Number of protein chains: 2
Amino acid sequence: MKRHRHSEQRELIYKVLKGSKEHPSAEHIYQNLKEVAPSLSLATVYRNLNFLVEEGRITRIPCNVNRYDANTAEHIHFFCTECDGLFDLDNLTIPFDASALEALGYEVNRCDVIFKGICPNCIKANKQ
Amino acid sequence: MKRHRHSEQRELIYKVLKGSKEHPSAEHIYQNLKEVAPSLSLATVYRNLNFLVEEGRITRIPCNVNRYDANTAEHIHFFCTECDGLFDLDNLTIPFDASALEALGYEVNRCDVIFKGICPNCIKANKQ
DNA sequence: GTCCTTGCAAATAGTTTGCAAGCCG
DNA sequence: CGGCTTGCAAACTATTTGCAAGGAC
(Lines give C-alpha, C1' and ligand atoms only; values in the text may rest on other atoms or scores of the structure.)
Protein backbone atom coordinates (compact mmCIF):
# COMPACT_ATOMS: atom_id res chain seq x y z
CA MET A 1 0.00 0.00 0.00
CA LYS A 2 1.29 3.41 -1.04
CA ARG A 3 2.22 6.20 1.35
CA HIS A 4 -0.27 9.00 1.34
CA ARG A 5 0.46 12.63 1.79
CA HIS A 6 -2.08 15.09 3.11
CA SER A 7 -4.39 16.25 0.33
CA GLU A 8 -7.02 18.93 0.45
CA GLN A 9 -9.06 17.21 -2.26
CA ARG A 10 -9.07 13.86 -0.53
CA GLU A 11 -10.39 15.40 2.67
CA LEU A 12 -13.03 17.31 0.74
CA ILE A 13 -14.22 14.11 -0.86
CA TYR A 14 -14.22 12.30 2.43
CA LYS A 15 -16.14 15.14 4.04
CA VAL A 16 -18.85 15.01 1.42
CA LEU A 17 -19.20 11.29 1.95
CA LYS A 18 -19.18 11.65 5.71
CA GLY A 19 -21.85 14.31 5.60
CA SER A 20 -24.16 12.53 3.17
CA LYS A 21 -26.80 9.88 3.58
CA GLU A 22 -27.27 9.39 -0.16
CA HIS A 23 -24.39 7.00 -0.77
CA PRO A 24 -23.22 9.16 -3.64
CA SER A 25 -21.50 7.88 -6.73
CA ALA A 26 -18.20 9.33 -7.91
CA GLU A 27 -20.14 11.52 -10.29
CA HIS A 28 -22.42 12.75 -7.48
CA ILE A 29 -19.42 13.71 -5.39
CA TYR A 30 -17.82 15.43 -8.31
CA GLN A 31 -20.93 17.50 -8.99
CA ASN A 32 -21.31 18.26 -5.32
CA LEU A 33 -17.77 19.64 -5.07
CA LYS A 34 -17.78 21.59 -8.31
CA GLU A 35 -18.91 24.75 -6.53
CA VAL A 36 -16.41 24.51 -3.71
CA ALA A 37 -13.51 23.36 -5.84
CA PRO A 38 -14.14 24.30 -9.45
CA SER A 39 -10.77 23.01 -10.62
CA LEU A 40 -11.41 19.53 -9.25
CA SER A 41 -11.38 16.79 -11.86
CA LEU A 42 -13.42 13.63 -11.96
CA ALA A 43 -10.26 11.55 -12.23
CA THR A 44 -9.13 12.91 -8.89
CA VAL A 45 -12.43 11.90 -7.34
CA TYR A 46 -12.02 8.35 -8.60
CA ARG A 47 -8.39 8.20 -7.54
CA ASN A 48 -9.14 9.40 -4.04
CA LEU A 49 -12.15 7.15 -3.65
CA ASN A 50 -9.87 4.24 -4.45
CA PHE A 51 -7.32 5.45 -1.91
CA LEU A 52 -9.99 5.82 0.74
CA VAL A 53 -11.39 2.37 0.05
CA GLU A 54 -7.87 0.95 0.23
CA GLU A 55 -7.32 2.65 3.57
CA GLY A 56 -10.65 1.34 4.80
CA ARG A 57 -11.97 4.79 5.54
CA ILE A 58 -14.92 4.27 3.19
CA THR A 59 -16.76 1.39 1.59
CA ARG A 60 -17.61 0.66 -2.02
CA ILE A 61 -21.11 -0.63 -2.59
CA PRO A 62 -21.52 -2.57 -5.82
CA CYS A 63 -24.64 -1.49 -7.66
CA ASN A 64 -24.94 -0.87 -11.34
CA VAL A 65 -22.85 2.20 -10.69
CA ASN A 66 -20.60 2.00 -7.67
CA ARG A 67 -21.79 4.00 -4.70
CA TYR A 68 -19.79 4.89 -1.64
CA ASP A 69 -20.37 5.03 2.07
CA ALA A 70 -18.32 6.59 4.83
CA ASN A 71 -20.02 4.33 7.33
CA THR A 72 -17.72 1.33 7.15
CA ALA A 73 -19.58 -0.70 9.73
CA GLU A 74 -21.26 -3.69 8.13
CA HIS A 75 -24.83 -2.82 7.43
CA ILE A 76 -27.49 -3.68 4.93
CA HIS A 77 -28.52 -1.62 1.94
CA PHE A 78 -31.70 -1.29 0.02
CA PHE A 79 -31.51 -0.23 -3.60
CA CYS A 80 -34.64 1.24 -5.14
CA THR A 81 -34.85 0.31 -8.80
CA GLU A 82 -37.24 3.18 -9.46
CA CYS A 83 -35.37 6.18 -8.11
CA ASP A 84 -31.87 4.66 -7.80
CA GLY A 85 -31.97 5.55 -4.12
CA LEU A 86 -29.73 3.59 -1.82
CA PHE A 87 -30.91 3.33 1.75
CA ASP A 88 -29.36 2.08 4.94
CA LEU A 89 -31.26 -0.57 6.82
CA ASP A 90 -29.55 -0.05 10.12
CA ASN A 91 -32.30 -1.56 12.17
CA LEU A 92 -32.06 -4.86 10.32
CA THR A 93 -29.21 -7.22 10.89
CA ILE A 94 -28.50 -10.41 9.08
CA PRO A 95 -26.89 -12.97 11.33
CA PHE A 96 -24.33 -14.14 8.83
CA ASP A 97 -21.79 -16.54 10.06
CA ALA A 98 -18.39 -15.93 8.54
CA SER A 99 -16.99 -18.66 10.73
CA ALA A 100 -18.92 -21.26 8.75
CA LEU A 101 -17.18 -19.96 5.63
CA GLU A 102 -13.83 -19.89 7.29
CA ALA A 103 -14.34 -23.49 8.30
CA LEU A 104 -14.71 -24.22 4.59
CA GLY A 105 -11.30 -22.65 3.93
CA TYR A 106 -12.41 -19.24 2.70
CA GLU A 107 -10.88 -16.00 3.89
CA VAL A 108 -13.78 -13.60 4.28
CA ASN A 109 -13.10 -9.90 4.01
CA ARG A 110 -16.50 -8.42 3.38
CA CYS A 111 -20.13 -9.27 2.98
CA ASP A 112 -22.43 -7.14 0.90
CA VAL A 113 -26.12 -7.54 1.37
CA ILE A 114 -28.27 -5.54 -0.98
CA PHE A 115 -31.99 -5.82 -1.13
CA LYS A 116 -33.59 -4.62 -4.31
CA GLY A 117 -37.08 -3.45 -4.94
CA ILE A 118 -39.13 -0.32 -4.58
CA CYS A 119 -38.86 2.11 -1.73
CA PRO A 120 -41.89 3.42 0.17
CA ASN A 121 -41.65 6.82 -1.49
CA CYS A 122 -41.81 5.42 -5.00
CA ILE A 123 -44.63 3.07 -4.09
CA LYS A 124 -46.59 6.05 -2.82
CA ALA A 125 -45.76 8.07 -5.92
CA ASN A 126 -46.82 5.18 -8.19
CA LYS A 127 -50.21 4.96 -6.57
CA GLN A 128 -51.06 8.55 -7.31
CA MET B 1 -42.67 -7.01 -21.52
CA LYS B 2 -42.00 -7.87 -25.15
CA ARG B 3 -43.17 -11.04 -26.84
CA HIS B 4 -40.36 -13.39 -27.61
CA ARG B 5 -40.02 -15.64 -30.59
CA HIS B 6 -37.97 -18.79 -30.54
CA SER B 7 -34.31 -18.04 -31.07
CA GLU B 8 -31.49 -20.49 -31.55
CA GLN B 9 -28.97 -18.03 -30.09
CA ARG B 10 -31.00 -17.41 -26.98
CA GLU B 11 -31.27 -21.10 -26.24
CA LEU B 12 -27.55 -21.56 -26.86
CA ILE B 13 -26.78 -18.83 -24.37
CA TYR B 14 -29.18 -20.27 -21.86
CA LYS B 15 -27.68 -23.74 -22.33
CA VAL B 16 -24.17 -22.47 -21.63
CA LEU B 17 -25.39 -20.81 -18.48
CA LYS B 18 -27.37 -23.86 -17.43
CA GLY B 19 -24.41 -26.13 -17.94
CA SER B 20 -21.86 -23.96 -16.18
CA LYS B 21 -20.87 -23.54 -12.59
CA GLU B 22 -18.60 -20.57 -13.27
CA HIS B 23 -21.25 -17.84 -13.31
CA PRO B 24 -19.90 -16.59 -16.58
CA SER B 25 -19.88 -12.98 -17.69
CA ALA B 26 -21.32 -11.92 -21.05
CA GLU B 27 -17.81 -12.01 -22.43
CA HIS B 28 -17.24 -15.54 -21.09
CA ILE B 29 -20.39 -16.77 -22.75
CA TYR B 30 -19.45 -15.07 -25.96
CA GLN B 31 -16.02 -16.70 -26.03
CA ASN B 32 -17.53 -20.03 -25.08
CA LEU B 33 -19.95 -19.96 -28.02
CA LYS B 34 -17.53 -18.63 -30.61
CA GLU B 35 -16.63 -22.17 -31.71
CA VAL B 36 -20.20 -23.41 -31.94
CA ALA B 37 -21.63 -20.23 -33.45
CA PRO B 38 -18.84 -18.24 -35.07
CA SER B 39 -21.21 -15.61 -36.41
CA LEU B 40 -22.58 -14.80 -32.96
CA SER B 41 -22.02 -11.24 -31.85
CA LEU B 42 -21.40 -9.93 -28.38
CA ALA B 43 -24.35 -7.56 -28.70
CA THR B 44 -26.64 -10.54 -29.17
CA VAL B 45 -25.28 -12.12 -26.03
CA TYR B 46 -26.03 -8.97 -24.05
CA ARG B 47 -29.45 -8.59 -25.59
CA ASN B 48 -30.43 -12.15 -24.84
CA LEU B 49 -29.04 -12.05 -21.33
CA ASN B 50 -31.28 -9.07 -20.71
CA PHE B 51 -34.27 -10.93 -22.15
CA LEU B 52 -33.55 -13.93 -19.98
CA VAL B 53 -33.20 -11.82 -16.87
CA GLU B 54 -36.45 -10.07 -17.72
CA GLU B 55 -38.17 -13.42 -18.13
CA GLY B 56 -36.74 -14.58 -14.83
CA ARG B 57 -34.99 -17.56 -16.41
CA ILE B 58 -31.61 -16.36 -15.18
CA THR B 59 -30.22 -14.02 -12.56
CA ARG B 60 -27.79 -11.15 -12.81
CA ILE B 61 -25.19 -11.03 -10.07
CA PRO B 62 -23.68 -7.61 -9.50
CA CYS B 63 -19.91 -7.82 -9.18
CA ASN B 64 -17.45 -5.48 -10.76
CA VAL B 65 -18.47 -7.10 -14.01
CA ASN B 66 -21.95 -8.56 -14.11
CA ARG B 67 -22.03 -12.32 -13.91
CA TYR B 68 -24.99 -14.55 -14.62
CA ASP B 69 -26.54 -17.61 -13.10
CA ALA B 70 -29.17 -19.99 -14.45
CA ASN B 71 -29.96 -21.06 -10.92
CA THR B 72 -32.57 -18.48 -10.03
CA ALA B 73 -33.20 -19.82 -6.54
CA GLU B 74 -31.95 -17.37 -3.94
CA HIS B 75 -28.53 -18.45 -2.84
CA ILE B 76 -25.36 -16.89 -1.58
CA HIS B 77 -22.27 -16.15 -3.60
CA PHE B 78 -18.63 -15.86 -2.74
CA PHE B 79 -16.46 -13.69 -4.93
CA CYS B 80 -12.72 -14.33 -4.83
CA THR B 81 -10.82 -11.10 -5.29
CA GLU B 82 -7.71 -13.01 -6.34
CA CYS B 83 -8.96 -15.18 -9.17
CA ASP B 84 -12.30 -13.48 -9.88
CA GLY B 85 -13.98 -16.79 -9.18
CA LEU B 86 -17.62 -16.71 -8.16
CA PHE B 87 -18.76 -19.62 -6.07
CA ASP B 88 -22.12 -20.83 -4.86
CA LEU B 89 -22.54 -21.28 -1.16
CA ASP B 90 -25.52 -23.58 -1.35
CA ASN B 91 -24.99 -25.08 2.03
CA LEU B 92 -25.22 -21.70 3.73
CA THR B 93 -28.49 -19.92 4.07
CA ILE B 94 -29.09 -16.49 5.40
CA PRO B 95 -32.42 -16.24 7.11
CA PHE B 96 -33.38 -12.97 5.53
CA ASP B 97 -36.69 -11.65 6.56
CA ALA B 98 -38.34 -9.71 3.79
CA SER B 99 -41.41 -9.30 5.91
CA ALA B 100 -39.55 -6.96 8.25
CA LEU B 101 -38.76 -4.81 5.23
CA GLU B 102 -42.28 -5.01 3.89
CA ALA B 103 -43.51 -3.86 7.28
CA LEU B 104 -41.37 -0.77 6.72
CA GLY B 105 -43.15 -0.13 3.43
CA TYR B 106 -40.58 -1.50 1.02
CA GLU B 107 -41.43 -3.80 -1.86
CA VAL B 108 -38.67 -6.38 -1.94
CA ASN B 109 -37.89 -8.12 -5.20
CA ARG B 110 -34.45 -9.56 -4.64
CA CYS B 111 -31.71 -9.89 -2.12
CA ASP B 112 -28.13 -10.29 -3.20
CA VAL B 113 -25.65 -11.56 -0.68
CA ILE B 114 -22.06 -11.59 -1.82
CA PHE B 115 -19.19 -12.46 0.43
CA LYS B 116 -15.81 -11.24 -0.70
CA GLY B 117 -12.41 -12.52 0.14
CA ILE B 118 -10.04 -15.25 -0.95
CA CYS B 119 -11.07 -18.73 -1.93
CA PRO B 120 -9.37 -21.86 -0.58
CA ASN B 121 -7.56 -22.48 -3.85
CA CYS B 122 -5.96 -19.06 -3.92
CA ILE B 123 -5.03 -19.27 -0.25
CA LYS B 124 -3.28 -22.55 -0.95
CA ALA B 125 -1.56 -21.10 -4.02
CA ASN B 126 -0.40 -18.05 -2.08
CA LYS B 127 1.27 -20.17 0.56
CA GLN B 128 3.48 -21.95 -1.89
C1' DG C 1 14.76 17.70 -3.89
C1' DT C 2 11.84 13.75 -3.69
C1' DC C 3 7.95 11.85 -4.86
C1' DC C 4 2.96 12.23 -3.99
C1' DT C 5 -1.00 14.57 -6.05
C1' DT C 6 -3.53 16.91 -9.59
C1' DG C 7 -5.91 18.32 -14.10
C1' DC C 8 -6.36 17.18 -18.57
C1' DA C 9 -7.10 14.33 -22.24
C1' DA C 10 -6.89 9.99 -24.04
C1' DA C 11 -7.61 5.20 -23.29
C1' DT C 12 -10.10 1.32 -21.69
C1' DA C 13 -13.90 -1.86 -20.34
C1' DG C 14 -18.53 -3.09 -20.17
C1' DT C 15 -22.76 -2.47 -22.18
C1' DT C 16 -26.36 -0.49 -25.23
C1' DT C 17 -28.36 1.09 -29.50
C1' DG C 18 -29.40 2.28 -34.63
C1' DC C 19 -29.80 0.18 -38.75
C1' DA C 20 -30.54 -2.77 -42.52
C1' DA C 21 -30.90 -7.59 -43.52
C1' DG C 22 -32.64 -12.11 -42.10
C1' DC C 23 -35.80 -15.27 -40.21
C1' DC C 24 -39.99 -17.14 -37.68
C1' DG C 25 -44.75 -18.08 -37.64
C1' DC D 1 -46.10 -10.27 -44.78
C1' DG D 2 -45.36 -8.29 -39.81
C1' DG D 3 -42.41 -7.88 -36.57
C1' DC D 4 -38.93 -10.20 -33.59
C1' DT D 5 -33.93 -11.24 -34.02
C1' DT D 6 -29.27 -10.68 -35.62
C1' DG D 7 -24.51 -8.80 -36.89
C1' DC D 8 -22.04 -4.88 -37.31
C1' DA D 9 -20.36 -0.65 -36.05
C1' DA D 10 -20.92 3.30 -33.53
C1' DA D 11 -22.33 5.31 -29.27
C1' DC D 12 -22.38 5.59 -24.42
C1' DT D 13 -21.11 5.27 -19.45
C1' DA D 14 -18.14 4.30 -15.80
C1' DT D 15 -13.58 4.15 -14.68
C1' DT D 16 -8.48 4.17 -15.29
C1' DT D 17 -4.08 5.83 -16.87
C1' DG D 18 -0.03 8.65 -18.99
C1' DC D 19 1.93 12.84 -18.60
C1' DA D 20 3.72 17.11 -17.26
C1' DA D 21 2.99 20.66 -13.80
C1' DG D 22 2.13 21.72 -8.99
C1' DG D 23 2.46 20.86 -4.00
C1' DA D 24 3.76 18.55 0.58
C1' DC D 25 7.37 17.55 3.67
Side-chain angles (χ1 to χ4, degrees), chain A residues 1-17 22-55 57-69 79 81 84 86 112 114, chain B residues 1-17 22-55 57-69 79 81 84 86 112 114:
Chain A
M1 200 186 292
K2 220 202 301 183
R3 283 211 78 78
H4 290 150
R5 211 161 261 186
H6 173 81
S7 137
E8 187 61 26
Q9 322 275 41
R10 182 145 51 239
E11 294 317 310
L12 272 178
I13 289 165
Y14 181 68
K15 213 162 71 182
V16 168
L17 221 38
E22 271 91 46
H23 304 83
S25 65
E27 185 65 37
H28 290 152
I29 295 172
Y30 176 61
Q31 294 304 337
N32 190 318
L33 284 173
K34 270 260 128 160
E35 307 156 32
V36 192
S39 76
L40 179 71
S41 85
L42 187 52
T44 298
V45 175
Y46 276 110
R47 266 188 290 237
N48 280 307
L49 286 172
N50 286 342
F51 289 161
L52 290 167
V53 168
E54 213 177 296
E55 288 173 336
R57 295 175 67 194
I58 67 172
T59 297
R60 175 180 286 128
I61 306 161
C63 304
N64 302 339
V65 178
N66 283 330
R67 306 274 283 259
Y68 298 86
D69 194 344
F79 179 69
T81 50
D84 282 0
L86 190 54
D112 289 304
I114 307 183
Chain B
M1 201 187 294
K2 223 202 299 187
R3 284 213 79 76
H4 291 150
R5 203 162 268 185
H6 173 81
S7 138
E8 187 63 26
Q9 322 276 40
R10 182 145 52 238
E11 292 317 310
L12 271 178
I13 290 165
Y14 182 68
K15 213 161 71 181
V16 168
L17 220 37
E22 270 91 46
H23 304 83
S25 65
E27 185 65 36
H28 289 151
I29 296 173
Y30 176 61
Q31 293 304 337
N32 190 318
L33 285 174
K34 268 263 132 156
E35 308 156 30
V36 191
S39 78
L40 179 71
S41 86
L42 187 52
T44 298
V45 174
Y46 276 110
R47 264 188 291 238
N48 280 306
L49 285 172
N50 285 342
F51 288 162
L52 291 167
V53 169
E54 213 177 294
E55 288 173 336
R57 294 176 67 194
I58 67 171
T59 296
R60 176 180 286 128
I61 306 162
C63 303
N64 302 339
V65 178
N66 283 329
R67 306 274 283 260
Y68 297 87
D69 194 344
F79 179 70
T81 50
D84 281 359
L86 190 55
D112 289 303
I114 307 183

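Order of the sequence lines fixes the chain letters, A, B, ..., with proteins taken first and strands second; residue numbering starts at 1 for each chain. Since this is a predicted model, take the numbers as computed values, not measurements.
Separating the CD atom of B/Gln31 from the P atom of C/dA13 is a distance of 13 Å, rounded to the nearest angstrom. When rounded to the nearest whole Å, the span between CZ of A/Phe51 and C1' of D/dT17 equals 12 Å. What separates CD of B/Glu54 from P of C/dT16 is a distance of 12 Å, to the nearest Å. Summarising the geometry, the separation between CG on A/Asn66 and P on D/dT13 is reported as 17 Å, rounded to the nearest angstrom. Here the C1' atom of nucleotide D/dT6 and the CG atom of B/Leu49 are 15 Å apart, to the nearest Å. B/Glu55 has its CD atom 9 Å from the P atom of D/dT5, to the nearest Å.
If you check distances only, the side chain of B/Arg47 does reach the base of C/dG18 with a donor-acceptor pair under 3.5 Å.
Between B/Leu49 and B/Ile29, some side-chain heavy-atom pair lies under the 4.5 Å cut-off. Taking the side chain as every heavy atom from C-beta outward, B/Leu12 and B/Val16 never approach each other to under 4.5 Å. Counting heavy atoms from C-beta outward, A/Asp112 and B/Asp112 have side chains that stay 4.5 Å or more apart. Side chains of A/Tyr68 and A/His23 form no contact here, defined as non-hydrogen atoms less than 4.5 Å apart.
One finds no salt bridge joining B/Lys15 and B/Glu8 here, because no Lys/Arg side-chain nitrogen approaches an Asp/Glu carboxylate oxygen to under 4.0 Å.
Residues passing the side-chain contact (heavy atoms from CB on, under 4.5 Å) test with B/His28 are B/Pro24, B/Ser25, B/Arg67, sequence neighbours excluded. Annotation: side-chain contact (heavy atoms from CB on, under 4.5 Å) contacts of B/Tyr46 (sequence neighbours excluded): B/Ala26, B/Leu42.
Within residues 38-46 of chain B, the residues that place at least one heavy atom under 4.0 Å from DNA chain C are, in residue-number order, B/Leu42, B/Ala43, B/Tyr46. Residues from residues 6-13 of chain A with heavy atoms under 4.0 angstrom of DNA chain C, sorted by number: A/Ser7, A/Gln9, A/Arg10.
Between the CG atom of B/Asp69 and the CG atom of B/Leu17 there is a distance of 7.0 Å, given to the nearest 0.5 Å. The OG atom of B/Ser41 sits 8.0 Å away from atom CD of B/Gln9, with the distance rounded to the nearest 0.5 Å.
For B/Arg5, the listed nucleotide lying nearest its side chain is D/dC4; candidates were C/dT5, C/dT15, D/dC4.
Residue A/Asn48 places none of its side-chain N or O atoms closer than 4.0 Å to OP1 or OP2 of C/dT5. Here B/Asn50 reaches the OP1 or OP2 of C/dT16: one of its side-chain N or O atoms lies under 4.0 Å away.
Residue pairs meeting the salt bridge (charged side-chain N to carboxylate O under 4.0 Å, His left out) criterion with at least one member in residues 26-50 of chain B, sequence neighbours excluded, do not occur.
With hydrogens and angles ignored, the 3.5 Å screen pairs no side-chain donor or acceptor of A/Arg10 with any backbone N or O of A/Leu52.
Summary for the helix from C/dG1-D/dC25 to C/dG25-D/dC1: the axes at its two ends, each from 5 pairs, differ by 30° when rounded to the nearest 10 degrees.
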